[in-house]
Amino acid sequence: MGKLFLEKAKKFRSLLNSPQLEFLCEAHNGISAVIAEEAGFKGIWGSGLSLSAQFGVRDNNEASWTQVLEMLEFMSDATRVPILLDGDTGYGNFNNMRRLVKKLEQREIAAVCIEDKLFPKTNSFIQGQAQPLADIDEFCGKIKAGKDAQRHDDFSIVARVEAFIAGWGLAEALQRAEAYREAGADAVLIHSALSMPDEVLAFKREWADRLPVVIVPTKYYSTPTEVFRDHGFSLVIWANHLLRASIAAMQQTARSLASDQNLFSVEDRVVPVAEVFRLQGAVELQQAEKKYLPLRHLGIQALVLAASRGEELGELTENRPKTMVSVAGRPLLAHIVAALNATGIKNISVVRGYKKEAVNLPNLNLIDNDDYAASGELVSLLKGLQGIQPEQDLIVCYGDVLFNKYIVQILAESRDPLAVAIDTNWMESVNRDRQADYASCSMPHSRESFSTRIRLQRIGTEISRSDIHGEWMGFFKIAAAEIAAVAGVVERMLSEGDQRWAKLPDLLNLLVEKGNRVGVYYTTGHWLDVDSLDDVVHAGNF
Ligand code: SPV
Ligand code: MG
């Protein structure tokens, strides 16, 4: 027997035998069981009525006993307090009862209550007087069989006396209770359908303390609990109130939704989804995932720096920033977004400044740098770093660079927390005499460099030719774990001295100087920096 089962069975037995009045609350599925436990109940009543009702069937053994058992398993797994199953008549004769007890113990159910009626039973509150009772000896045999079948001493069997329900008097009730006690029952449940507790009080007075007595005051609900306490009852069962509460709430909500056709009229009346997650134990799973799952790649996001006008394009950027200049029928930014999307990046943020309202493509996280005219790209970068999701790796790029998706892919897949892509085709730029950010690295591109981890040493326009290993294309990967640190460095750069116009290469150099390893990934060609009208034409053929 599992340890938890033993604990539960012991706890239930101690509730039965404790000198004070104890309470069970009905539950009918996993979540209602959790709710009952959280409210402080030391035990749960697996009500036959409620279990049937939540299946949408009648309390007439229409749900099979194994269907009931399956629901009980969810209830038991979700809680630590003992469950007393309302086992109706034991779902058959003594033999069915034996199997029931065996299965209940296996499912860690602490106790079962069986009633002295005939299978299939009917709820006690539906024409109770017309209900036949079980033969006393036959019912005693069922109790004995159950007690003999249980493998652990603390599993309890509660014998429910339906004599009052069926219209018999106190004598019949007492005679039955005594027979059931002799057969080995651990407690008796005396049921009554009267609106006053007279029957159960009379029973208890005569019965005294021969066995603990359990009651279900559904019909005599107005009786103060003190009365039960004073009479020395053992357990009170609130037998169906979570079910009835949920029915009232569901009916009200369903009616509102059907008539109002909106959600806001019900939102205040329902728990937040987060409460559902909490009751399901979502936090435990998150912790377990941290412990047992390899670090999950949370995906990668991109930050496009596109705040500047791009004066060099003249009237093309009179009404829109460079990133929105049309190339081959689409804004530059749309090409960039498409290339990022093609690598699987869907979370894209864009820092906009000049003519910001023109940056209006869908599905972008727009971040404003209204200070664009009086500051450089590091201000945009900082605003960007503060406006993105801190838990996702990041690729920073410019809003005027066309590129093949593989360049970004290589960076995205790299294991370096900081990394840049460097074009080995740098001679072209030198020959074309265009301004470029050259990179000097720990090793030039070669067959050997392919399998070596290369790091950036310096980046800039002024690197002497013999030290140049490639051209930086403007892509900078920052792993999620480094985003805050990089933002901190940028912040300090901006607050110290005259770095307002500092650029990304200045940041990269500072990071390298501070001892950070910035990984280098060599690629060749397949990108285009749009810096002139000529480039715009060129880009059309890209
Ligand atoms: C139940 O909750 O299913 C019971 C109690 O058996 S009563 O409905 O009062 O009979
Ligand atoms: Mg019942």
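These numbers come from a predicted model, not from an experiment. No hydrogens, no waters, no symmetry mates; every other heavy atom, side chains included, goes into these values. Atoms within each ligand, like the ligands themselves, are counted from 1 in listed order.
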Nearest non-hydrogen protein atom to atom 2 (O) of ligand 1, with distance, is S47 OG, 2.7 Å
Listed partners of F125 passing ring pair (Phe, Tyr, Trp, His ring centres under 6.0 Å), at least two apart:
H191
Check E105 with R151, please: is the shortest side-chain N to carboxylate O separation under 4.0 Å?
no
Can you pull out the closest protein heavy atom to atom 9 (O) of ligand 1? Residue, atom name and distance to 0.1 Å, please.
H191 NE2, 2.9 Å
Is V216 in polar range of ligand 1, meaning some N or O pair under 3.5 Å apart?
no
From the Mg ion (ligand 2), how many protein N/O/S atoms are found at a distance short of 2.8 Å?
1
Report the nearest protein non-hydrogen atom to atom 8 (O) of ligand 1: residue, atom name, distance rounded to 0.1 Å.
N123 ND2, 3.0 Å
Using a strict threshold of under 4.0 Å (side-chain N to carboxylate O), is an ion pair present between K42 and E37?
no
With heavy-atom distances below 4.0 Å as the criterion, list the atoms of ligand 1 near G48.
1 (C), 3 (O)
SB check K103 E73 (cutoff 4.0 Å):
no
Which of the numbered atoms in ligand 1 are below 4.0 angstrom from a heavy atom of S124?
10 (O)
Can an N or O of L49 be found at a distance shorter than 3.5 Å from an N or O of ligand 1?
yes
Got the closest protein heavy atom to atom 4 (C) of ligand 1, with its distance?
D86 OD2, 3.4 Å
Assess the side chains of D260 and S265: does a donor N or O sit below 3.5 Å from an acceptor N or O?
yes
Results of salt bridge (charged side-chain N to carboxylate O under 4.0 Å, His left out) for E108 - residues two or more places apart only:
none
Salt bridge (charged side-chain N to carboxylate O under 4.0 Å, His left out) filter on E172, not counting sequence neighbours, yields R176
Would you say T218 and ligand 1 have an N/O pair spaced under 3.5 Å apart?
no
Salt bridge or not between K356 and D370? Use side-chain N to carboxylate O under 4.0 Å.
yes
Decide, yes or no, whether a salt bridge links D416 with K477 under the criterion of side-chain N to carboxylate O below 4.0 Å.
no
Please report which non-hydrogen protein atom sits nearest to atom 10 (O) of ligand 1, along with the residue it belongs to and the distance in Å to one decimal place.
R160 NH2, 2.9 Å
Looking at D148 and R98, is there a salt bridge between them, counting it only when a charged N and a carboxylate O are closer than 4.0 Å?
no
Can we say K121 and D59 salt-bridge, meaning some charged N sits less than 4.0 Å from an Asp/Glu carboxylate O?
yes
Please could you name the atoms of ligand 1 that A239 approaches to less than 4.0 Å, counting only its heavy atoms?
2 (O)
